[in-house]
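This report concerns only the one structure given below.
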Amino acid sequence: MTAKKKPKVYITRKLPDAVETRMRELFDAELNIDDAPRSVPELVAAVKSADVLVPTVTDRIDAALIDQAGPQMKLIASFSNGTDHIDVEAAARKGITVTNTPNVLTEDTADMTMALILAVPRRLGEGARVLTDKPGEWAGWSPTWMLGRRIHGKRIGIVGMGRIGTAVARRAKAFGLSIHYHNRKRVNPAVEDDLEATYWESLDQMLARVDIVSVNCPSTPATFHLISARRLALLQPTAYLVNTARGDVVDEAALIKSLREGRIAGAGLDVFENEPAVNPKLVKLANEGKVVLLPHMSSATIEGRIDMGDKVIINIRTFIDGHRPPNRVLPGR
């Protein structure tokens, strides 16, 4: 009796060692040891020969690439929560199933969102740089030096009250913030009561009334530049904006203009509109203490990445065994 042939799995980026080891045990897995992003020709070669593609958010899996997939390519098991980097409709037309890794990055992303909510008003980045960039120049404590803004008692407006937005709300409430939110649908009344949250059907009305805006919605055609120049103009001059969702949800050029002109107090960004490029004007604003910038690391925990890998493996194994994978992404969702 011959052993069943292992499916050929092409992995586009370096994954945690534990995940890669398990992949090699279960599949005929091609790893990316040096972690260099794969080129378009390399991805084309992969979809022509592999049974399963395991991309990440840095890989553009568009219709042009999917159309070149060989008949053996039946699954795109993305190592990601979001799937905006994949043309899911094109995959469906080609008969290719798409899966993702939801529900494992919620707490990690919410932790980092809360860190930025604290860092921006309390000027943590500026304070840290005083000690590292100009050692010996700190003269000691002063009653009027490095004054920031208190967050206790302020209003936070959460844009997108899904899993991550709700987790942010739980943390914000613990810090004494009043919870306000805008979402396509009102959340469960029990959740709303527990968070003492105020629902705003109108995003515009909410933005004009809160002190901190946390962007936690997915990137879709409907949310592109959702936080536009017009909506940024609605914010109070003492307001702060934090984005740990996707860069293109915020009109970055308009945000830079608002910050430079002092029409909002500051921003904390973990994502950017043209990643991995970061607008030099944002870097300048960060050096001036008006922005805290992070390199898309809100989900970067060892535990989170291993959990993501486990979900990818489960999705592949379930699919190969002839069953519907638990994290299938349907077109239009």
Side-chain angles (χ1 to χ4, degrees), residues 37 57-58 60 82 84-85 109 112-134 137 145-149 151 154 156-160 168 203-204 207-208 210-300:
V57 293
T58 61
R60 183 172 173 76
D84 48 294
H85 58 297
T109 303
M112 192 64 83
T113 304
M114 198 66 218
L116 285 171
I117 290 170
L118 289 166
V120 180
R122 294 303 307 272
R123 304 173 68 179
L124 298 190
E126 292 174 83
R129 286 196 298 273
V130 166
L131 301 180
T132 57
D133 294 357
K134 298 179 180 179
E137 291 193 16
W145 182 74
M146 200 59 75
L147 298 183
R149 290 279 183 175
I151 69 164
K154 298 296 193 299
I156 183 171
I158 297 173
V159 182
V168 171
L203 175 59
D204 289 4
L207 292 175
V210 297
D211 304 292
I212 299 167
V213 176
S214 178
V215 180
N216 300 108
C217 60
S219 174
T220 68
T223 63
F224 178 78
H225 283 187
L226 180 68
I227 308 301
S228 60
R230 181 185 66 79
R231 287 193 165 120
L232 285 166
L234 299 173
L235 297 178
Q236 302 173 63
T238 54
Y240 300 90
L241 182 139
V242 170
N243 186 9
T244 56
R246 284 289 187 268
D248 62 9
V249 177
V250 177
D251 183 337
E252 197 169 274
L255 174 63
I256 290 169
K257 190 171 189 292
S258 294
L259 289 163
R260 292 177 70 181
E261 294 177 357
R263 288 189 278 114
I264 65 172
L269 306 175
D270 184 50
V271 289
F272 306 94
E273 195 163 351
N274 298 298
E275 290 185 28
V278 179
N279 192 313
K281 293 178 181 178
L282 278 176
V283 176
K284 186 174 185 294
L285 287 167
N287 290 331
E288 294 170 359
K290 296 178 181 178
V291 186
V292 174
L293 305 178
L294 296 177
H296 202 149
M297 56 186 284
S298 63
S299 64

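In what follows, every heavy atom counts, from backbone to side chain, and hydrogens, waters and symmetry copies are set aside.
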Flag, side chain of [X] to backbone of [Y], donor-acceptor distance under 3.5 Å:
X    : Y    : result
D270 : H296 : yes
T223 : V249 : no
N243 : R246 : yes

With a cut-off of 6.0 Å (strictly less than), are more than 12 heavy atoms of other residues, nucleotides or ligands near CZ of R129?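 Enclosed.
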Is it true that, when you exclude R230 itself, more than 12 heavy atoms of the residues, nucleotides or ligands shown sit nearer than 6.0 Å to its CZ?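 Atom CZ in R230 is packed in, count exceeds 12.
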So, D251 and R231, do they make that salt bridge, N to O below 4.0 Å?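 So D251 does not pair with R231 through a salt bridge.
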What distance do [X] atom [atom1] and [Y] atom [atom2] have between them, rounded to the nearest 0.5 Å?
X    : Y    : atom1 : atom2 : answer
S258 : L235 : OG    : CG    : 7.5 Å
K290 : R260 : NZ    : CZ    : 8.5 Å
T238 : I212 : OG1   : CD1   : 10.0 Å
L259 : Y240 : CG    : OH    : 11.0 Å
H85  : T58  : NE2   : OG1   : 8.0 Å
K284 : N279 : NZ    : CG    : 12.0 Å

Which heavy atom of [X] sits nearest to which heavy atom of [Y], and what is that distance?
X    : Y    : result
L255 : L232 : N-CD1, 3.4 Å
R123 : G148 : CD-CA, 4.0 Å
G266 : V120 : C-CG1, 4.0 Å
V271 : A245 : CG1-O, 3.6 Å
I156 : S214 : CD1-CB, 4.1 Å
S219 : D248 : OG-OD1, 3.0 Å

Any non-hydrogen side-chain atom of L203 less than 4.5 Å from a side-chain atom of L226?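 Yes; the side chains approach each other to less than 4.5 Å.
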Is there a side-chain contact between I256 and L285 (heavy atoms, below 4.5 Å)?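 When only atoms from C-beta onward are counted, L285 and I256 do touch, with a gap below 4.5 Å.
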Walk me through it: do T109 and T244 pass the test side chain to side chain donor-acceptor pair (under 3.5 Å)? CA-CA 7 Å; T109 303; T244 56; over 6 Å; no
After noting the C-alpha distance and the side-chain angles of L118 and I151, does the key distance pass the side-chain contact (heavy atoms from CB on, under 4.5 Å) rule? CA-CA 7 Å; L118 289 166; I151 69 164; 3.4 Å; yes
Decide side-chain contact (heavy atoms from CB on, under 4.5 Å) for L282 and E252; before the verdict, give the C-alpha distance in whole Å, the side-chain angles of both, and the deciding distance to 0.1 Å. CA-CA 9 Å; L282 278 176; E252 197 169 274; 3.7 Å; yes
Determine, stepwise, if the pair Q236 / D211 fulfils side-chain contact (heavy atoms from CB on, under 4.5 Å). CA-CA 7 Å; Q236 302 173 63; D211 304 292; 4.2 Å; yes
Quick one, V168 with I117, criterion side-chain contact (heavy atoms from CB on, under 4.5 Å). Give me CA distance, side-chain angles, the key distance, then yes/no. CA-CA 10 Å; V168 171; I117 290 170; 4.2 Å; yes
Mind checking salt bridge (charged side-chain N to carboxylate O under 4.0 Å, His left out) for R122 and listing every partner two or more places apart, or none if nothing turns up?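 Salt bridge (charged side-chain N to carboxylate O under 4.0 Å, His left out) check on R122 returns nothing, list empty.
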